[in-house]
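Computed from a prediction, not measured in an experiment: that's the story for all the values here. Numbers restart at 1 for each chain; the letters A, B, ... are given by sequence-line order, proteins then strands.
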Amino acid sequence: MHSEGSISIWFFIGISLLGNGLLILGAGLYQLVHPPAEPVVLFSLHANVWWGAVLAVAGAAYCYHFRP
Amino acid sequence: MNRLLSLAVPTHLVHLAPVDAVIVVFYFALVLVIGFYLKRRANTSEDYFLAGREMTAWIAGLSFLSANLGALELMGWAGAAYQYGILAAHWYWIGAIPAMLFLGLVMMPFYYISKTHSVPGYLKLRYGESSRVLSAISFAFMTVLMSGINMYSMALVMKVVLGWDINFSILISSITVAIYVGLGGLRSAIFNEVLQFVLIWAGALLIPILGLIEAGGWSNLRLQIERNASTEYTHLWGTLGSFNSNPMGIHWTGIVFGLGAIISFGYWTTDFLVVQRVLSAKDLRAAKMAPVIGAAFKMFVPFIVILPGLIGIAVLPMKLVGEGVAVASGGHSYNEVLPLLLARYCGPGLLGLGVTALMAGFMSGMAGNVSAFSTVWTYDIYKALFHKNANDQQLVRMGRWSTIGGVAISIGTAYLVIHFLSIMDYVQALFSFFIAPLFGTVLLGMLWKRATAAGGFWGLLAGTVSSIAMWAWVKVDPSALRYVALSPYARDMAENMYRALWSWILCVIVTVVVSLLTAPKPASELKGLVYGETEIPSEGELPFYHRPVFWAGAVAVVFILLNILFW
């Protein structure tokens, strides 16, 4: 939905994905440098790094495409 | 689902890092910003109650699905998959897909062309005031109670998962919902439902991916499930030949005729909570496409709900148990399987997103109930019974007040449930009493011109009363289960299936008999309401890939393939 003069819902989705993605990516990068004492299962895959990056890229694309 | 609501484990499952807390706060801030932003676009009743009827098929479709994809749903069905195996997927496939496609292709044209604001509103147009009032009062009452149960459930899950105080959770969630629905109306609820849909997938998708990696792929996962539980846990249809050959104690006739034909059709085609989202579509084609899009996504929800339950059987080091045993032994219950996997795989950041997805699910569940309550209260009770000449501004004002009132009653219900936990069982049972007969009444109204006002009202009443009577009969005399559910081995879910089937059949019989004995409405009064008296715009000029029927066919083919694949 994107009527004249209004902000599309997809822009808000983009903001959410971008913000969350950057926060998760940041936390993942921090853990790369400072590995936790009690890591989660499959920590070696660094899911928060690549998942955070995927969310951030998707969010940035949505923000750009549906910018007001 | 009720079992989830009686969680009472004193320790909490996960610990949030500062970055997780920031993600949770970011979600609340974004939701409130959306509510305040949309206030300026909620000036007329059409804006406030139907989001201006300008939603695209995608928005309406995702919102339609999302209204049903709450956190209670996610955690409860993941727990059911741990307890009953892949049989739980029936509630996402045969228990949803055929009904959603039927709504889009067959029923939506009548709802949309009649320009009704609500399902009780359609009953008024088709059958008259008495059917509308019966349906509206029962729906409004039950919806607001369900919203309270949702609120209580969220508070309890937050206590178990995060250790939060119950009063704090109830206060925060109710204030947030009251603000964003009160300000922006249905449009705000829909925006947040779509946001919640994305957050749930973003927050939950990693669990099955990492779980499959840990288990060594689907084939190895099946072997581990068969070793840790039983071979019955990985078959969708193969074990349904008799009541006692599967973990759920159900027969295939219950799944096909009770769940697939009645309960799911009743819920997906007549529960105004979900139908309201589709009524907001911008045109008839969007309204027909929305349930088809919802069905396409619904087919893949088991990937983030059922699969984690199965992964839990294979990889979790502890054995999960029922609520009663969990409370007595200090162990973990079935319904904790999703938070346990979240804690197992998700480090800082991802954990915050997962917890936010759960919160978003609860909040939009509440918001969906409150916005549907507000519409039915304003149009079908306030305007119909108390203020027939209310103007547009008065309706919007009443919508805002009833939203706040709905939230206030929900808070009251939440605290009532804290003190009298069994209320929840009764409320959820009561809700189910109305759905199956209502489907019979609406379906006959749309497809049979001869159905009369008296037939509709007495059929609806007979179906509802018979459902309550059957439920009470089994409560008083448990041996009656062999008659109601056709087997003394049937469990609760099987009983619900058959009760729905009988009440629907009775509703249809009474509606037909009474209609044949009473005078029909003139054809001129049925225009836009009934098959044969409604001109449905042709889609002949559209290319095939723009037609809802083409995409419904594609969804149906995938649905059949999935059932064969996991037979």
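Of the listed residues B/L206, B/V198, B/I213, B/I209, the one with more heavy-atom pairs under 4.5 angstrom with chain A than any other is B/L206. Listed options B/A17, B/C346, B/A202 were ranked by heavy-atom pairs under 4.5 angstrom with chain A; first place goes to B/A202. Top candidate by heavy-atom pairs under 4.5 Å with chain B, chosen from A/L17, A/L55, A/V40, A/L23, is A/V40.
Counting heavy atoms from C-beta outward, B/V315 and B/Y345 have side chains that approach closer than 4.5 Å. Here the side chains of B/T176 and B/L32 are in contact, with some heavy-atom distance below 4.5 Å. Side-chain contact between B/L342 and B/I207 is present, with heavy atoms from C-beta onward closer than 4.5 Å. Side chains of A/F66 and A/I13 form no contact here, defined as non-hydrogen atoms less than 4.5 Å apart. Looking at B/I190 and A/I9, their side chains never come closer than 4.5 Å, going by heavy atoms from C-beta outward. The shortest side-chain heavy-atom distance between B/R187 and B/L50 does not fall under the 4.5 Å cut-off. Under the 4.5 Å side-chain criterion, counting only non-hydrogen atoms from C-beta, A/I15 is not in contact with B/V33. Using a 4.5 Å heavy-atom cutoff, the side chains of B/L186 and B/F49 are not in contact.
For residues 47-54 of chain A, the interface with chain B (any heavy-atom pair closer than 4.5 Å) comprises A/A47, A/N48, A/W50, A/W51, sorted by residue number. Applying a 4.5 Å heavy-atom cutoff, the residues of residues 24-35 of chain A that approach chain B are A/I24, A/A27, A/Q31. The contact list for residues 352-360 of chain B toward chain A, using heavy atoms and a distance under 4.5 Å, reads B/L353 by residue number.
Between B/Y37 and the choices B/R41, B/K39, B/R40, the side-chain hydrogen bond (donor to acceptor under 3.5 Å, both in side chains) rule is met once, by B/R40.
Not a single side chain to side chain donor-acceptor pair (under 3.5 Å) links B/N192 to another residue, sequence neighbours left out.
Shown here for B/M363 and B/Y27, the closest heavy-atom pair between the two residues is CB-OH, 3.9 Å. Closest heavy-atom contact between B/P208 and B/P308: CD-CG, 4.3 Å. In terms of heavy atoms, B/G349 sits closest to B/I23 at O-CD1, 3.3 Å.
Residues B/R277 and B/S371 bring a donor and an acceptor atom of their side chains to less than 3.5 Å of each other. With hydrogens and angles left out, the side-chain atoms of B/S63 and B/E193 include a donor and acceptor closer than 3.5 Å.
At a 4.5 Å heavy-atom cutoff, the contact between B/L30 and chain A is made by side-chain atoms alone. Looking at B/L199, the atoms closer than 4.5 Å to chain A (heavy atoms on both sides) all sit in the side chain, from C-beta outward. Contacts between B/L62 and chain A at a heavy-atom distance below 4.5 Å involve the side chain alone, from C-beta outward.
By the 30° and 60° cut-offs, the orientation of the rings of A/Y62 relative to A/W10 is tilted.
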